[in-house]
Enquirer: 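Questions regarding the structure given below will be posed in turn.
Counting begins at 1 with the first residue of the sequence.
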Amino acid sequence: MIEIDNVFAGYGKYEVLHGVNLLVPTGKITTLIGANGSGKSTLLKALLHFLPLTGGEIRVGGVSINKFSRTDLAKKIAYLPQSKTVPDITAQRLVLHGRFPYLNYPRKYRREDIAIAREAMEQMEILEFSDRLMAELSGGIRQKVYIAMALAQQAEIIVMDEPTTYLDIGQQVKFSKLVHQLSEKGKTLLLVLHDLPLALRLSDQIAAICDGKISAAGTPAQILESGIIQKLYGVTVRFVELASGIQYFYD
């Protein structure tokens with residue numbers, strides 16, 4: 001479980017988070033929603049200890065993140081950022097970067113690391129691109145390579161900021177299945193999504209951030225009933241129950 005307890009954080013004198021409280025349960029899918037600039041990505045950076053807290057505390061498994069070394073925290077939490085550079089390396093080499101927390105100096109990959117990286121690439125159906133340079137790949141395939149890198153990290157918690165960027169509809173469906181499979185295996189997932197229908201279909205819990213605070217948190221049904229989506233985005237989301245499951249759409 002991730003416990004975010006009255007957290008304040010920001011950039012220098014500019015405070016973005018103003019007393020955020022949130023519980024992210026183990027083995028569940030929690031999604032953060034909110035307008036641009038509301039504090040979603042800042043909260044992820046605070047969790048990953050990229051930003052110092054100016055108040056409050058974040059605990060992972062009951063232990064304050066301040067007590068983890070960078071390496072130990074990386075073994076606990078895998079992170080897929082929203083903005084990523086395109087390094088001049090092959091896809092497999094990038095996926096292997098997910099094994100960094102487990103390597104001693106000098107970093108030398110073991111057979112075990114290569115096998116884990118290949119398994120992650122197979123899971124994302126990108127093994128055929130192993131030897132291709134990242135710059136040669138489409139945006140969608142690159143995104144799947146970055147997700148594979150997060151999977152190769154084998155962390156208990158996976159944090160993804162806009163993971164469906166560049167993924168087409170078919171790839172988004174496969175991504176949804178993958179996320180549910182990971183959750184069923186006990187992984188804790190914390191996502192940031194702008195696609196509200198996808199967030200509602202995918203999540204066990206949704207937390208809405210507005211002006212650096214959690215405005216509402218609960219199940220997708222509770223979030224719909226709260227009216228927070230209309231408040232945040234000025235749109236209404238409705239749903240229909242089909243044989244294939246609940247489908248959400250903008251009204």
Enquirer: Less than 4.5 Å apart, any side-chain heavy atom of L202 and any of L193?
Expert: yes

Enquirer: A side-chain contact here means heavy atoms from C-beta on lying under 4.5 Å apart; do I126 and V145 qualify?
Expert: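 Heavy-atom side-chain distance check passes, below 4.5 Å.
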
Enquirer: Whether the T90 and D131 side chains hold a donor-acceptor pair (N or O, under 3.5 Å, no angle test) is what I'd like checked.
Expert: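 T90 vs D131: no donor-acceptor pair found between side chains.
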
Enquirer: Is there a donor-acceptor pair under 3.5 Å between the side chain of R142 and the backbone N or O of M134?
Expert: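 Checked: pair present.
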
Enquirer: Drop me the distance from S64's OG to D5's CG, to the nearest 0.5 angstrom.
Expert: 10.5 Å

Enquirer: Rounded to the nearest 0.5 Å, how far does CD of E125 lie from CE of M121?
Expert: 12.0 Å

Enquirer: Search all heavy atoms of L178 against all heavy atoms of M124 and return the closest pair with its distance.
Expert: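 Minimum heavy-atom separation between L178 and M124: CD2-SD, 3.3 Å.
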
Enquirer: Would you say T30's side chain and V24's backbone share a donor-acceptor pair under 3.5 angstrom?
Expert: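 It does not hold such a pair.
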
Enquirer: Return yes if some donor-acceptor pair links the side-chain N/O of K187 with the main-chain N/O of A155 below 3.5 Å, else return no.
Expert: yes

Enquirer: Which heavy atom of E3 sits nearest to which heavy atom of G62, and what is that distance?
Expert: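 Minimum heavy-atom separation between E3 and G62: OE1-CA, 3.9 Å.
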
Enquirer: Does any N or O in the side chain of Q143 come within less than 3.5 Å of the main-chain N or O of P163, such that one atom is a donor and the other an acceptor?
Expert: yes

Enquirer: Any non-hydrogen side-chain atom of L47 less than 4.5 Å from a side-chain atom of I4?
Expert: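 They are not in contact (no side-chain heavy atoms under 4.5 Å apart), so the answer is no.
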
Enquirer: Using atom types as modelled and distance alone, determine if a side-chain donor or acceptor of S203 lies under 3.5 Å from a backbone N or O of L200.
Expert: no

Enquirer: Is there a side-chain contact between M149 and F100 (heavy atoms, below 4.5 Å)?
Expert: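 No, side chains not in contact.
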
Enquirer: Judged by atom type as modelled, is there a donor-acceptor pair below 3.5 Å linking the side chain of Y102 to the main-chain atoms of Q153?
Expert: yes

Enquirer: Let's go through E156 and K75 carefully: what are the C-alpha distance in whole Å and the side-chain angles of both, what is the deciding distance for salt bridge (charged side-chain N to carboxylate O under 4.0 Å, His left out) to 0.1 Å, and is it a yes or a no?
Expert: CA-CA 8 Å; E156 301 169 9; K75 290 178 181 179; over 6 Å; no

Enquirer: Rounded to the nearest 0.5 Å, what's the gap from CD1 on I114 to CZ on R111? Could you check?
Expert: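 Reported value, rounded in 0.5 Å steps: 9.0 Å.
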
Enquirer: How long is the gap from NZ on K40 to CG on L190, to the nearest 0.5 Å?
Expert: 12.0 Å

Enquirer: Check the hydrophobic clustering (I, L, V, M, F, W, Y; side-chain heavy atoms under 4.5 Å; chains of links allowed) and say if L73 and V159 are grouped together.
Expert: yes

Enquirer: Is it the case that one hydrophobic cluster holds both L137 and L133, taking links as side-chain heavy atoms less than 4.5 Å apart, direct or via other members?
Expert: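 Cluster IDs for L137 and L133 differ.
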
Enquirer: Could you tell me whether the side chain of T26 and the main chain of M1 form a donor-acceptor pair under 3.5 Å?
Expert: yes

Enquirer: In terms of heavy-atom contacts, does CZ of R118 have more than 12 from other residues, nucleotides or ligands at under 6.0 Å?
Expert: no

Enquirer: Could you check R110 against R99 for side-chain contact (heavy atoms from CB on, under 4.5 Å), going step by step and ending with a plain yes or no?
Expert: CA-CA 10 Å; R110 304 158 296 178; R99 302 303 301 161; 3.8 Å; yes

Enquirer: Do the side chains of M160 and V173 join up, straight or via other hydrophobic residues, at under 4.5 Å, putting them in one cluster?
Expert: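 Different clusters.
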
Enquirer: Is there side-chain contact between N6 and V20, with heavy atoms separated by less than 4.5 Å?
Expert: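 Result no, sub-4.5 Å side-chain heavy-atom pair not found.
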
Enquirer: Please evaluate residues L94 and Y146 with respect to the criterion side-chain contact (heavy atoms from CB on, under 4.5 Å), reporting the C-alpha separation (whole Å), side-chain torsions for both, the decisive distance (0.1 Å), and the verdict.
Expert: CA-CA 8 Å; L94 182 64; Y146 282 105; 3.5 Å; yes

Enquirer: Which atoms form the tightest heavy-atom contact between I214 and N21, and what is the distance?
Expert: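 It is CG1-O, 3.5 Å.
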
Enquirer: Under a 3.5 Å distance rule, please check whether Y79 uses its side chain to pair with a backbone N or O of D161 as donor and acceptor.
Expert: no

Enquirer: Flag yes if L127 and Y109 sit in one hydrophobic cluster, no otherwise; membership is Ile, Leu, Val, Met, Phe, Trp, Tyr, and two members link when side-chain heavy atoms are under 4.5 Å apart.
Expert: no

Enquirer: Taking the side chain as C-beta and beyond, is there a heavy-atom pair between K144 and L167 under 4.5 Å?
Expert: yes

Enquirer: Is there a side-chain contact between L44 and T42 in this structure, where contact means two heavy atoms from C-beta onward sitting under 4.5 Å apart?
Expert: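 L44 does not reach T42 side chain to side chain.
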
Enquirer: When you compare the side chains of T164 and Q172, does any donor N or O come within less than 3.5 Å of an acceptor on the partner?
Expert: no

Enquirer: Is I116 reachable from L151 through a run of hydrophobic residues whose side-chain heavy atoms are each under 4.5 Å from the next?
Expert: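 The answer is no; the residues belong to distinct hydrophobic clusters.
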
Enquirer: Could you go step by step and tell me if V95 and Q92 meet the side-chain contact (heavy atoms from CB on, under 4.5 Å) rule?
Expert: CA-CA 5 Å; V95 176; Q92 179 171 303; 5.6 Å; no

Enquirer: Hey, could you give me the NE2/CG distance between H97 and L103, rounded to the nearest 0.5 Å?
Expert: 10.0 Å

Enquirer: For atom CZ of R59, decide whether the heavy atoms of other residues, nucleotides or ligands shown that lie under 6.0 angstrom number more than 12.
Expert: yes

Enquirer: Check for a donor-acceptor pair, side chain of T31 on one end and backbone N or O of L191 on the other, with a separation under 3.5 Å.
Expert: no

Enquirer: Could you tell me which non-hydrogen atom of E15 sits nearest to which non-hydrogen atom of L17, and how far apart they are?
Expert: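 Shortest heavy-atom contact: CG-O, 3.4 Å.
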
Enquirer: Considering all heavy atoms of both residues, which atom of S183 and which atom of G27 are nearest to each other, and what is their separation?
Expert: OG-O, 2.7 Å

Enquirer: Do the side-chain N and O atoms of Y166 and S138 include a donor-acceptor pair separated by under 3.5 angstrom?
Expert: no

Enquirer: One thing to verify: whether D204 and K28 come together as a salt bridge, which I'm taking to mean a side-chain N less than 4.0 angstrom from a carboxylate O.
Expert: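 No, this pair does not count.
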
Enquirer: Determine the minimum heavy-atom distance between G34 and L232, stating which atoms define it.
Expert: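 Taking G34 first and L232 second, the nearest heavy atoms are CA-CD1, 4.2 Å.
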
Enquirer: If you round to the nearest 0.5 Å, how far is CZ of F68 from CG of L48?
Expert: 12.0 Å

Enquirer: Quick one: does any side-chain atom of Q171 pair with a main-chain N or O of D168 as donor and acceptor, under 3.5 Å?
Expert: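 Yes; judged by distance alone, with no hydrogens or angles, the pair exists.
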
Enquirer: Return yes when atom CZ of R70 has more than 12 non-hydrogen atoms of other residues, nucleotides or ligands closer than 6.0 Å, and no otherwise.
Expert: yes

Enquirer: Any side-chain heavy-atom pair from V7 and E57 closer than 4.5 angstrom?
Expert: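 A side-chain contact under 4.5 Å is absent here.
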
Enquirer: For L182 and L189: C-alpha separation, side-chain torsions, deciding distance, then whether side-chain contact (heavy atoms from CB on, under 4.5 Å) applies.
Expert: CA-CA 8 Å; L182 292 170; L189 292 112; 4.1 Å; yes

